[in-house]
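Within every chain, numbering begins at 1; the chains are lettered A, B, ... in the order of the sequence lines, protein sequences first and strands thereafter. Bear in mind the structure is a predicted one, so any value in this text is a computation, not a measurement.
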There are 2 protein chains.
Amino acid sequence: MTAQTSRRDRLRRATLAEIREAARRLLTTQGSAAVTINAVAREVGISGPALYHYFASHEELVAAVTADFFQELTTAMRTARDAHAPDSPAARLLATCRAMRNWAVTHRAEFGWIFASPVPGPPPADQRSDSPRSLAGRDFELVFLDQVEALWATNPFPVPEPEDLAASVRAQLTPYAAELGRELPIAALHVALSCWIRLYGLLCMEVLNQLSFAYSDLEPLFEECLRDICHTLALDYQPPN
Amino acid sequence: MTAQTSRRDRLRRATLAEIREAARRLLTTQGSAAVTINAVAREVGISGPALYHYFASHEELVAAVTADFFQELTTAMRTARDAHAPDSPAARLLATCRAMRNWAVTHRAEFGWIFASPVPGPPPADQRSDSPRSLAGRDFELVFLDQVEALWATNPFPVPEPEDLAASVRAQLTPYAAELGRELPIAALHVALSCWIRLYGLLCMEVLNQLSFAYSDLEPLFEECLRDICHTLALDYQPPN
DNA sequence: TATGTTTGTTTAGAGGCATTAAGCAAACCT
DNA sequence: AGGTTTGCTTAATGCCTCTAAACAAACATA
């Protein structure tokens, strides 16, 4: 099925990679506004419109680069997780989260790009959920959720009683839970997502410089957040290193 | 001191207001990318470069509009707060926070603009902290912090022991506390900021559509967050309405 | 009141960006 | 060997930011 890599195929693949690298280089060195079709083409050594043979539009190039970032971040998290045995779920979850923040602060431009790049919500009908960008984003979320699911299987954590879970939350989460197809009750999924939102939201605010008016190093806040999350998930918090 | 409003002054002021209104209209109807100098000028009825007599650059126009949004949001929060007597601090704080979310979801474009608009951190030396945009942003944060301070004065909430507060947090917060000049111990300030970060972060993620993959209506999540915050601040949570 | 300055505006223009169109040459396939 | 696909180029359109030059009306003042 995988087309035999003809000479042309290999060249094309190499150029595609080079283009994405150039785009990323421009982003990290000169900011997101510098990632223009023309500038990237110049960087690669081809002339403007030639780039349209590789990406149909500026938006598509942006999406491809975003997918790259998601994948790299996801890989970093998975790698950190796998450095700990499956029978110590707390260590695995903490390592995953810390790897996430570590990637975010060592790749601020890329992490901010993931956020600030236009995710205009669901205007284009059902959001083309098969685009590489969406797939990579999905995969990213799953790193966390899958671990909570594994945790639930062996060390179930307390969840709100059905009567304490707002009916609308249950209604909203039902389709998503079905789409996930995981063995996680709605209430547990809600707890997991709440934790995820706190983590992700904190990093978002850190990288978008919304907290620099008061804090310069958010690592202690992040660790406090992890402590809270461990408490919520009935895990033993362990400080880093 | 206030210059007597000559005829020219009045006209200028009117044009300035009209320009900012036009910019906002373009933002809400066509998205942030549509807020260009040319488009705004067209909307107002003057021709491109004329707008440079009112704003020195596109960036400055963006900053002015951002300041407008901050002010409007701040006013909405203060108004909601003042609808409750000063002797029911819980009601005042809850009303403030709910007004914040209400403004955010009824003015998604504006709230997202506040976030996504380039706050490139502290590259320009000390961040020109006297720009209208920065002042308005400062004022916005104070709506929340001032209430926590008032709360602290009458109903002090539990704060972490000094030995539980990371030394670096204390070090980081000391200059900010001094700059605030409020009667709030560092530990209490830290608790207040943690609450603020959760609130603001949740709204940020909601408006930036980072949660739409699972939730469509985040109001219940916001109320859960408020419940947590009330618990942290030793307040009685009261459901809305 | 006459004169000079400030202010609001316009058109022209430079330089950049996204994108499309037309054309050319090398690589590929048959 | 000939036709097709692919990669690339230059032109060209229309948008953008921003500067420059020019002009007229409003203002200030001697």
Side-chain angles (χ1 to χ4, degrees), chain A residues 2-27 29-66 113 116-118 120 124, chain B residues 2-27 29-66 113 116-118 120 124:
Chain A
T2 57
Q4 68 152 11
T5 59
S6 66
R7 166 176 175 72
R8 271 227 273 241
D9 261 23
R10 267 177 290 125
L11 283 181
R12 173 163 251 271
R13 236 170 265 278
T15 308
L16 274 168
E18 201 181 339
I19 289 172
R20 298 203 289 227
E21 284 161 22
R24 181 177 189 162
R25 198 178 325 128
L26 284 170
L27 167 66
T29 59
Q30 298 173 238
S32 61
V35 185
T36 70
I37 294 275
N38 283 340
V40 171
R42 220 176 295 133
E43 195 87 355
V44 172
I46 63 181
S47 255
L51 213 144
Y52 284 84
H53 280 256
Y54 298 92
F55 295 96
S57 67
H58 181 257
E59 189 184 349
E60 201 172 285
L61 171 60
V62 166
V65 173
T66 307
W113 170 281
S117 82
Chain B
T2 58
Q4 68 153 9
T5 59
S6 66
R7 166 176 176 70
R8 271 226 274 241
D9 262 23
R10 268 176 288 125
L11 282 182
R12 172 162 251 272
R13 238 170 265 277
T15 308
L16 274 167
E18 202 181 338
I19 288 171
R20 298 204 288 229
E21 284 161 21
R24 181 176 189 164
R25 199 177 325 126
L26 284 169
L27 167 66
T29 59
Q30 298 173 237
S32 61
V35 185
T36 70
I37 294 273
N38 283 341
V40 171
R42 222 176 294 132
E43 195 86 355
V44 172
I46 63 181
S47 254
L51 213 144
Y52 284 85
H53 279 255
Y54 297 92
F55 294 96
S57 66
H58 180 257
E59 190 184 348
E60 201 173 286
L61 170 60
V62 165
V65 173
T66 306
W113 170 280
S117 83

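Nearest-nucleotide assignment on DNA chain D puts the 5′-proximal partner with B:A56, out of B:R8 and B:A56.
The closest side-chain heavy-atom distance from A:R20 to A:F55 is below 4.5 Å. With contacts defined as side-chain heavy-atom distances shorter than 4.5 Å, the pair A:V65/A:V35 does not qualify.
In terms of phosphate contacts, A:N38 brings no side-chain nitrogen or oxygen within less than 4.0 Å of OP1 or OP2 of C:dG16. At C:dG8, one or more side-chain N or O atoms of B:R12 fall inside 4.0 Å of OP1 or OP2 (strictly under the cut-off). Between B:T36 and D:dC16 there is a side-chain N or O to OP1 or OP2 distance below 4.0 Å. In this structure, A:R42 reaches the C:dC17 phosphate: one of its side-chain N or O atoms is under 4.0 Å from OP1 or OP2.
Scanning both residues, A:G48 and A:A41, for their nearest heavy atoms gives N-CB, 3.7 Å. What you find for A:A22 and A:V44 is that their closest heavy atoms are CB-CG2, 3.7 Å.
Among the atoms of the strands shown, only primed sugar atoms or phosphate atoms (P, OP1, OP2) are found under 4.0 Å from some heavy atom of B:S57. When heavy atoms are screened at a 4.0 angstrom cut-off, B:Y54 is found touching the sugar-phosphate backbone but no base atom. A:H53 comes within contact range of at least one nucleobase, with a heavy-atom separation under 4.0 Å.
To the nearest angstrom, C1' of C:dG8 lies 14 Å from CG of B:D9. Residue B:F55 contributes atom CZ, which lies 16 Å from atom C1' of D:dC18 at whole-angstrom precision. Rounded to whole Å, the distance from CG on B:L61 to P on D:dC18 is 10 Å. With rounding to whole Å, B:L16 atom CG is found 14 Å from C:dT7 atom P. At whole-Å resolution of the value, NE2 in B:H58 and P in D:dC18 are 8 Å apart. As a whole-Å value, the separation of A:L51 CG from D:dT9 P is 10 Å. One can place OH of B:Y52 at 9 Å from C1' of D:dT19, the figure rounded to the nearest angstrom. The distance from atom CD1 of B:I37 to atom P of D:dT17 is 6 Å, rounded to the nearest whole Å.
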message: side chain to side chain contact (heavy atoms under 4.5 Å, CB included) for A:W113 and A:V62? Distances and angles first, verdict last.
response: CA-CA 9 Å; A:W113 170 281; A:V62 166; 3.6 Å; yes
